[in-house]
Protein chains: 2
Amino acid sequence: MRQGDSIGRFSLAQGHPWVAVDVVVFTLSQATLQALLVQVKDGPFAGKWAFPGGLVGAEESLDQAAERELRERTGVQEAHLEQLYTFGKPERDPMSRVVSVSYLALIPVQGITPNAASKYADIRWFRADRLPRLAYDHDQVTRLALQRLRAKLQYTNIVYSLMPSEFTLGELQEVYETILQRPLDRRNFRKRILALGLLKQLKKKRRGTHRPASLYAFIRRRPMIIEMV
Amino acid sequence: MRQGDSIGRFSLAQGHPWVAVDVVVFTLSQATLQALLVQVKDGPFAGKWAFPGGLVGAEESLDQAAERELRERTGVQEAHLEQLYTFGKPERDPMSRVVSVSYLALIPVQGITPNAASKYADIRWFRADRLPRLAYDHDQVTRLALQRLRAKLQYTNIVYSLMPSEFTLGELQEVYETILQRPLDRRNFRKRILALGLLKQLKKKRRGTHRPASLYAFIRRRPMIIEMV
DNA sequence: CCAAAAGTGTTGGTCTTACACCCATGC
DNA sequence: GCATGGGTGTAAGACCAACACTTTTGG
């Protein structure tokens with residue numbers, strides 16, 4: 001397989017594709033799940049929307065390339081970032097052979113102003129349930145990303161990566177309901193999530209328009225397997 | 001990201017890695033899970049064992065490259081084949097930058113004689129729980145493959161890809177116990193698996209050394225999500 | 001007739017779901 | 001004082017885990 005013999009023996013038959021990463025960045029805003037899209041500048045997909053991405057640098061790991069892309073578009077340094085799937089059909093990009101490793105990034109609720117730089121014609125947030133038809137095979141990437149997010153919400157604690165440092169149980173429940181697209185029973189939700197022991201109740205209260213709600217925070221902000229929802 | 005601008009703008013900074021697939025082939029034999037390993041011929045890992053793999057051809061999708069590698073080593077045409085994960089640290093292969101997409105292949109119990117061709121020094125089956133230290137980052141690939149297999153055994157019907165066309169419930173249970181590495185209660189196992197409605201009972205019996213057992217077959221041999229074990 | 005695997009139901013405990021009322025605040 | 005979200009417990013049903021004896025064959 002490797003160079004020693006393979007590249008010697010196969011270099012003519014073997015393609016030498018470009019390797020790129022594409023990053024599906026999700027966040028929550030106005031109680032909806034939002035995805036970050038860029039407008040492609042050149043090539044046959046010019047004008048179409050797609051997930052931001054870019055070629056992997058010579059000295060860079062795939063994870064680092066994804067982190068860099070996330071940072072360049074959003075300024076976000078710390079986020080949940082995980083590999084999704086690798087797409088490599090020869091015809092997926094009509095201009096040249098590009099094998100693309102897709103990543104899922106989750107960033108906390110906040111007003112992030114994305115940066116297109118000169119690389120893209122435009123960049124902005126779209127409601128995840130109302131994305132336009134995307135360039136390349138990115139519609140498939142969307143399905144995968146949503147599927148993975150919904151699945152992981154239910155057996156891991158990754159929701160922490162979408163939450164601000166302090167939140168009420170009502171807000172947390174709303175996040176679950178938004179992503180899973182189904183209502184949850186408030187009493188059962190509170191029982192379950194508190195029983196997991198992942199949250200600490202803060203002394204503070206959120207004083208809003210109505211009865212103040214207790215604020216909570218995650219005790220640890222790192223990925224764990226749990227059984228939630 | 002794509003060539004239009006990116007390759008123009010970034011081609012010096014961006015590496016142009018080789019893209020390979022590596023295939024973890026599992027089968028069952030003598031009531032143990034077996035993995036197919038090849039012995040590397042050249043380069044810094046010469047003499048070490050690794051999973052079979054190879055560069056992706058210019059006209060080939062990643063899936064096709066994995067299928068081809070499986071076919072070349074085992075002659076098997078039809079198998080469960082799924083992408084696992086993509087590894088791409090710059091230093092993972094000391095000779096040159098290789099991004100490797102790993103695949104999991106499951107083939108039915110049977111006496112397959114693997115074929116090293118001239119590509120490898122040797123090829124043979126190893127017990128999955130007693131693999132030697134592997135070349136490249138393949139120890140990581142092993143962990144992932146076993147993890148994925150165990151997980152999927154529990155919420156999909158992929159076990160069909162490891163079974164011959166006819167089998168007894170005892171044999172099926174033995175497969176689950178082998179892979180999950182824990183004993184299962186016979187009555188509960190039979191109740192559950194029959195309740196799923198995925199099996200049909202054949203008229204035939206397996207006549208062995210003791211009381212004959214009813215033979216079963218999968219009604220459909222294609223992947224489905226279920227809730228098993 | 002003995003050894004070995006096949007075949008078969010019931011019960012107790014746990015987990016999950018459904019459900020309704022009072023509370024604290026802002027306006 | 002009313003509208004709004006916050007906060008709380010219980011009961012019924014579903015699901016799961018544990019468990020032992022009889023049957024059929026080969027040798």
Within a radius of less than 6.0 Å around NZ of A/K204, do more than 12 heavy atoms belonging to other residues, nucleotides or ligands occur? no
Tell whether B/R187 reaches the base of D/dA20 with its side chain through a donor-acceptor pair below 3.5 angstrom. yes
Separation of atom CZ in A/R206 from atom P in D/dG7, rounded to whole Å: 11 Å
Please report, rounded to the nearest Å, how far the P atom of C/dG7 is from the CZ atom of B/F189. 13 Å
Could you state the CG-P distance from B/L196 to D/dC15, rounded to the nearest angstrom? 13 Å
For B/F126 and B/W49, take the angle between the two ring planes, folded into 0 to 90°, and tell me which bin it lands in: parallel under 30, tilted 30 to 60, perpendicular over 60. perpendicular
Exactly one of A/F45, A/F51, A/Y85 should register a ring-ring contact (aromatic ring centres under 6.0 Å, His included) with A/H138. Which one does? A/F51
What nucleotide among C/dT17, C/dG7, D/dG7 has an atom nearest to a side-chain atom of B/A213? C/dG7
How many Å lie between NZ on A/K204 and P on D/dG6, as a whole number? 18 Å
With nearest nucleotides of DNA chain C determined for A/R192 and B/Y216 from heavy-atom distances, which residue corresponds to the more 5′ nucleotide? B/Y216
Using the 3.5 Å cut-off, write out each protein N or O paired with an N or O of nucleotides 10-15 of chain C and the distance between them.
| unit_1 | atom_1 | unit_2 | atom_2 | d |
| --- | --- | --- | --- | --- |
| C/dT10 | O4 | B/K191 | NZ | 3.1 |

Indicate yes or no for a side-chain donor-acceptor contact from A/T27 to the backbone of A/P108 under 3.5 Å, with no hydrogens or angles considered. yes
Would you call B/E78-B/R221 a salt bridge at under 4.0 Å N-O? no
Residues that B/R150 engages under salt bridge (Lys or Arg N to Asp or Glu O under 4.0 Å), provided they are two or more places apart: none
Per-nucleotide protein contact along nucleotides 22-27 of chain D, 5' to 3', at a 4.0 Å heavy-atom cut-off (B base, S sugar-phosphate only, - neither), is -BBBS-
List in chain and number order the residues that pass side chain to side chain contact (heavy atoms under 4.5 Å, CB included) with B/R182, two or more places apart in sequence or in another chain; answer none if no residue qualifies. B/Q154, B/L180, B/L184, B/V229
For B/E227 and D/dC15, what is the distance between atoms CD and P respectively, to the nearest whole Å? 12 Å
Taking only Lys NZ, Arg NE, NH1 and NH2, and the carboxylate oxygens of Asp or Glu, determine whether B/E82 and B/K152 approach each other closer than 4.0 Å. yes
Among residues 170-186 of chain B, which residues get a heavy atom nearer than 4.0 Å to DNA chain D? B/D185
Would you kindly give the CG-to-C1' distance between A/L194 and D/dG6, to the nearest whole Å? 13 Å
Sequence neighbours left out, what passes side chain to side chain contact (heavy atoms under 4.5 Å, CB included) with A/R186? Give chain and number order. A/Q173, A/R190
Do you know which of A/V141, A/L144, A/T142 makes side chain to side chain contact (heavy atoms under 4.5 Å, CB included) with A/V24? A/V141
Assert yes or no for the condition that the ring centre distance of A/F218 to A/F167 is strictly below 6.0 Å. yes
